[in-house]
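Here is the structure we will look at.
Below, all heavy atoms of this structure are taken into account, side chains as well, without hydrogens, waters or symmetry copies. Residue numbers run from 1 in the order of the sequence given.
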Amino acid sequence: MAELVGIAESIAREAGALLREFYHRGVAMEYKGDVDLVTEADRASEALIVARLGAALPDHGVYGEEGTRQALESEFRWYIDPLDGTTNFAHGFPAFCVILGCERRAKGLAATEDGEMVAGVIYDPLRDEMFSTERGGGAKLNGKPIHASPTKTLQESLVATGFPSQKRHRSPNIHFYQEFTLRSHGVRRAGSAGLDLAYVACGRLEGFWEFKLNPWDTSAGSLMVEEAGGKITHFDGGKFTLDSREVLATNGLIHGEMLQLFEDMFAGKNLGSIPTPAEFAARRAAAE
């Protein structure tokens with residue numbers, strides 16, 4: 001797995017350098033749906049990644065955001081997001097990354113079943129931050145081990161979320177956003193699920209939730225969070241799956257509290273007044 005990580009890091013750096021060039025000179029954007037953006041940078045980055053993976057690992061499959069579907073029956077399958085955070089990128093907002101996640105699929109596994117994520121990288125080319133992970137080998141940032149945050153309560157936590165670009169008017173997430181904002185140190189919405197998951201893994205965030213992501217968004221990050229000592233599930237605590245209909249990733253310590261809040265929000269119960277600053281302080285003192 002270490003060899004796979006090394007190959008992925010090299011490819012992600014090359015793709016990241018390409019994205020930096022596009023970013024600094026500007027790109028034209030177009031729509032691939034009502035609100036979904038795509039740029040020439042997305043397509044160029046995916047073409048580069050697919051070519052490099054094909055040369056280095058010709059027997060591996062590839063499942064890419066921009067349409068690549070190659071050798072999906074292979075034992076190893078790479079989920080790639082050549083530019084996670086395209087809207088940010090197109091507007092010049094400096095929060096985007098390259099994602100490569102490798103899944104090992106046992107022989108005979110049904111197409112609807114997940115294999116085992118075994119390696120992955122998330123690369124932020126503007127900050128030159130390479131987040132990497134391998135199953136059983138922990139998670140790293142630029143070669144140094146990283147760990148999830150030790151914060152124990154939601155009220156002391158910084159959390160993040162995102163909003164689906166499609167059917168945003170039907171998403172209940174704005175209501176969840178309000179509840180979490182009032183019950184935590186704050187909620188961030190950076191526009192890159194890959195970076196959000198990497199930040200949970202390295203302790204910059206205590207939690208992250210989102211609806212309706214895709215396998216290329218979460219492949220590397222899901223393993224990274226677990227290998228850094230965190231936890232990732234669906235909103236009801238069920239096993240996380242790559243279809244990513246629901247993603248809840250935390251440092252593990254606030255997972256139960258976030259699950260309970262989701263249960264209450266879905267049921268419309270126990271959502272009384274928000275604790276006052278004095279009550280928050282009293283809770284903190286009691287915990288200490």
Side-chain angles (χ1 to χ4, degrees), residues 1-19 45-66 68-84 97-109 111 113-125 128-148 192-195 197-202 213-230 232 240-242 244 249:
M1 295 309 108
E3 181 181 0
L4 293 181
V5 170
I7 291 171
E9 286 182 343
S10 177
I11 295 172
R13 287 191 186 280
E14 189 175 355
L18 179 69
L19 292 180
S45 178
E46 182 156 318
L48 184 153
I49 293 170
V50 171
R52 298 297 184 269
L53 281 173
L57 302 163
D59 57 339
H60 286 208
V62 180
Y63 193 107
E65 179 179 12
E66 301 310 326
T68 303
R69 303 287 187 272
Q70 294 182 359
L72 298 185
E73 72 286 353
S74 301
E75 179 183 5
F76 291 93
R77 177 189 297 179
W78 289 89
Y79 294 95
I80 61 174
D81 192 335
L83 172 49
D84 182 50
C97 62
V98 179
I99 304 173
L100 289 85
C102 186
E103 176 192 31
R104 186 172 190 174
R105 301 180 60 81
K107 188 174 182 180
L109 189 67
E113 294 182 83
D114 286 351
E116 179 182 61
M117 296 307 304
V118 294
V121 301
I122 298 171
Y123 180 55
D124 179 344
D128 192 25
E129 291 189 330
M130 178 66 73
F131 298 88
S132 61
T133 187
E134 60 180 283
R135 182 161 296 280
K140 297 178 180 179
L141 169 54
N142 290 341
K144 297 181 179 180
I146 55 176
H147 303 282
S192 168
L195 289 180
L197 289 168
Y199 286 5
V200 172
C202 74
L213 292 173
N214 297 289
W216 50 77
D217 296 310
T218 59
S219 58
S222 60
L223 176 62
M224 196 171 294
V225 167
E226 291 181 336
E227 287 292 329
I232 184 165
F240 172 77
T241 51
L242 283 173
S244 303

How would you list, by chain and number, every residue that makes a side-chain hydrogen bond (donor to acceptor under 3.5 Å, both in side chains) with [X], sequence neighbours excluded?
X	answer
Glu103	Tyr79, Arg105
Asp84	Ser192
Glu9	Ser132
Thr68	Glu46

Just to verify, what does Ala51 make a side-chain contact (heavy atoms from CB on, under 4.5 Å) with, not counting sequence neighbours? none
Over all atoms of both residues, closest heavy-atom pair of [X] and [Y]:
X	Y	answer
Leu19	Pro82	CD1-O, 3.4 Å
Gly230	Ala148	N-CB, 4.1 Å
Cys202	Phe131	SG-CE2, 4.0 Å
Pro125	Gly16	CB-O, 3.5 Å
Ala119	Met1	CB-O, 4.4 Å
Ile7	Ala56	CG2-CB, 3.9 Å

Does the side chain of [X] reach to within under 4.5 Å of the side chain of [Y], using non-hydrogen atoms?
X	Y	value
Thr218	Ile232	no
Val50	Ile80	yes
Asp81	Asn214	no
Glu226	Thr133	no

Not counting sequence neighbours, which residues clear salt bridge (charged side-chain N to carboxylate O under 4.0 Å, His left out) with [X]? List them please.
X	value
Arg52	Glu14
Glu3	none
Glu75	Arg104
Asp124	Arg127

Output the distance between atom [atom1] ([X]) and atom [atom2] ([Y]), rounded to the nearest 0.5 Å.
X	Y	atom1	atom2	result
Leu223	Cys102	CG	SG	10.0 Å
Glu66	Trp216	CD	CH2	8.0 Å
Asp114	Ser219	CG	OG	11.0 Å
Lys107	Glu73	NZ	CD	12.5 Å
Glu227	His147	CD	NE2	11.5 Å
Met224	Ile99	CE	CD1	9.0 Å

Report the C-alpha separation of Leu197 and Asp217 in whole Å, then their side-chain angles, then the decisive distance to 0.1 Å, and conclude whether the side chain to side chain contact (heavy atoms under 4.5 Å, CB included) test is met. CA-CA 9 Å; Leu197 289 168; Asp217 296 310; over 6 Å; no
Pairs where residues 53-63 contributes a residue and the test side chain to side chain donor-acceptor pair (under 3.5 Å) is met, not counting sequence neighbours: His60-Trp78
Which atom pairs, one a donor and one an acceptor, fall under 3.5 Å between side chains of residues 137-145 and the rest of the protein, sequence neighbours left out?
unit_1: Asn142; atom_1: OD1; unit_2: Met130; atom_2: N; d: 2.8
unit_1: Asn142; atom_1: ND2; unit_2: Asp128; atom_2: O; d: 3.3

